[in-house]
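Heads up: the structure comes next, in C-alpha cells.
Computed from a predicted structure; not experimentally measured.
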Amino acid sequence: DTLPAKEVKPADGVYLTSLEVVGAPELAFNKDTTTYDVNLYQYQQFARIVAEAHKELTITVNGKKVESGVRSDMITVAEANKTETVTVKVSGTVNGQYAEQTYTLNLSRPEYPDIIITEAMSYGYSDKYDLIEIYNASGKDLNLADYCYKNLFCLTNLQNLPEKCR
C-alpha cells in the first residue's frame, strides 16, 4: 500500500519568514507575532526594513512594494520619544485563496541615555579605572547598583565580579 502523493508548496500560508530593522537591536521575530515595539538607538534617525517571504508572495513596507530580502526605502524617525508606525504587509494566493498578513513595527528612540560616561581615567598601575565620571541624563533618580561596568580586566577575572555582573 502506498499513500497518495500530497502536493507540497513552499508556502503553506501567507507570512514573513524573517523581519529585520537594519541598524537596530535584533528583533526576536516569530511569523505568528504581528506587532513589535522596536527601540532604536538614541542617535538613529532613520531605519530600513528587510522582510523575507516565499518567492510567490508580495511584500510592501508602508504601501510600497519591496523585494524579499531587499532593504526598504529609509523611514524617518526624527523625533525622540515619539513612535513611528511602520506597516509591513505580505500577500498572495495560496491554494487558490488570496490572503494577506500585516505586521506592525512601532519604532521609537530615546531622547537621552540614562547615563553618559564623560571621563574614564587610569593611572596606568593596573587594568582598572581609577576614576569614572558619569552624568545622569535621565532626569530621574538612578540606583547605580542596577548598573555594571566591565572592562578587559573584569572579563578575564570573572571571579572578582559580583554575581549579577557576570
Side-chain angles (χ1 to χ4, degrees), residues 3-117 134-140 142-144 146-152 154-155 158 161 163-166:
L3 295 174
K6 180 180 176 187
E7 183 180 349
V8 178
K9 295 191 175 198
D12 57 349
V14 174
Y15 56 87
L16 293 176
T17 56
S18 75
L19 182 60
E20 173 190 4
V21 179
V22 178
E26 188 173 328
L27 204 62
F29 178 73
N30 178 315
K31 70 180 180 76
D32 298 320
T33 303
T34 58
T35 302
Y36 295 91
D37 293 325
V38 181
N39 297 312
L40 302 176
Y41 294 109
Q42 179 190 5
Y43 297 107
Q44 187 175 350
Q45 294 183 5
F46 302 97
R48 286 185 162 174
I49 310 301
V50 176
E52 294 183 9
H54 295 290
K55 64 182 178 181
E56 67 272 9
L57 300 176
T58 301
I59 301 170
T60 61
V61 175
N62 284 347
K64 186 170 182 180
K65 184 178 176 182
V66 296
E67 296 297 319
S68 180
V70 176
R71 292 179 179 195
S72 71
D73 289 342
M74 280 198 215
I75 298 161
T76 302
V77 186
E79 292 190 51
N81 293 330
K82 297 219 175 172
T83 300
E84 178 71 29
T85 301
V86 177
T87 303
V88 180
K89 192 176 286 189
V90 59
S91 60
T93 302
V94 177
N95 299 326
Q97 296 289 321
Y98 176 81
E100 63 184 34
Q101 179 68 271
T102 301
Y103 296 85
T104 303
L105 301 172
N106 298 311
L107 307 179
S108 62
R109 63 185 184 92
E111 187 170 3
Y112 302 108
D114 287 347
I115 293 177
I116 299 171
I117 297 177
I134 61 173
Y135 172 72
N136 178 356
S138 70
K140 59 187 175 198
L142 296 176
N143 181 357
L144 294 181
D146 293 337
Y147 295 84
C148 279
Y149 167 75
K150 294 181 187 179
N151 67 8
L152 185 58
C154 293
L155 295 177
L158 291 176
L161 285 175
E163 184 65 35
K164 71 176 185 177
C165 295
R166 291 183 192 170

For Lys65, all residues meeting salt bridge (Lys or Arg N to Asp or Glu O under 4.0 Å), sequence neighbours excluded:
none

Show your reasoning for whether side chain to side chain contact (heavy atoms under 4.5 Å, CB included) applies to Thr17 and His54.
CA-CA 7 Å; Thr17 56; His54 295 290; 3.9 Å; yes

Distance from Ser72 atom OG to Glu67 atom CD, nearest 0.5 Å?
13.0 Å

For Thr35 and Thr104, indicate whether the former's side chain and the latter's backbone hold a donor-acceptor pair under 3.5 Å.
no

Among Val22, Val66, Val86, the one residue meeting side-chain contact (heavy atoms from CB on, under 4.5 Å) with Ile49
Val86

Would you please name every residue forming a side-chain hydrogen bond (donor to acceptor under 3.5 Å, both in side chains) with Glu100, sequence neighbours left out?
Tyr98

Working to the nearest 0.5 angstrom, can you tell me the gap between Asp73 CG and Arg48 CZ?
7.0 Å

Quick one: pull up CZ in Phe46 and CZ in Arg109 and give me the separation to the nearest 0.5 Å.
9.5 Å

To the nearest 0.5 angstrom, please state how far the OG atom of Ser108 sits from the CG atom of Asn39.
4.5 Å

Are any side-chain N or O atoms of Tyr103 and backbone N or O atoms of Leu19, one a donor and one an acceptor, separated by less than 3.5 Å?
no

Mark yes or no for whether Ser68, through its side chain, and Lys55, through its backbone, hold a donor-acceptor pair below 3.5 Å.
no

If I take atom CD from residue Gln101 and atom CG from residue Leu57, how far apart are they, to the nearest 0.5 angstrom?
11.5 Å

Thr102 and Thr34 have their tightest heavy-atom pair at O-CB, 3.4 Å

Using only atom types and a distance under 3.5 Å, with no angle test, would you say the side chain of Asn106 pairs donor to acceptor with the backbone of Thr85?
no

Holding to side-chain contact (heavy atoms from CB on, under 4.5 Å), I want the full list of residues that pass it with Asn30, two or more places apart in sequence or in another chain.
Asp32, Thr33, Tyr36

For Leu107 and Ala47 the tightest heavy-atom approach is CD1-CB, 3.9 Å

Nearest heavy-atom neighbours spanning Leu16 and Ala51
CD2-CB, 3.9 Å

I would like to know whether Glu52 and Glu20 meet side chain to side chain contact (heavy atoms under 4.5 Å, CB included); could you show each step before the answer?
CA-CA 9 Å; Glu52 294 183 9; Glu20 173 190 4; over 6 Å; no

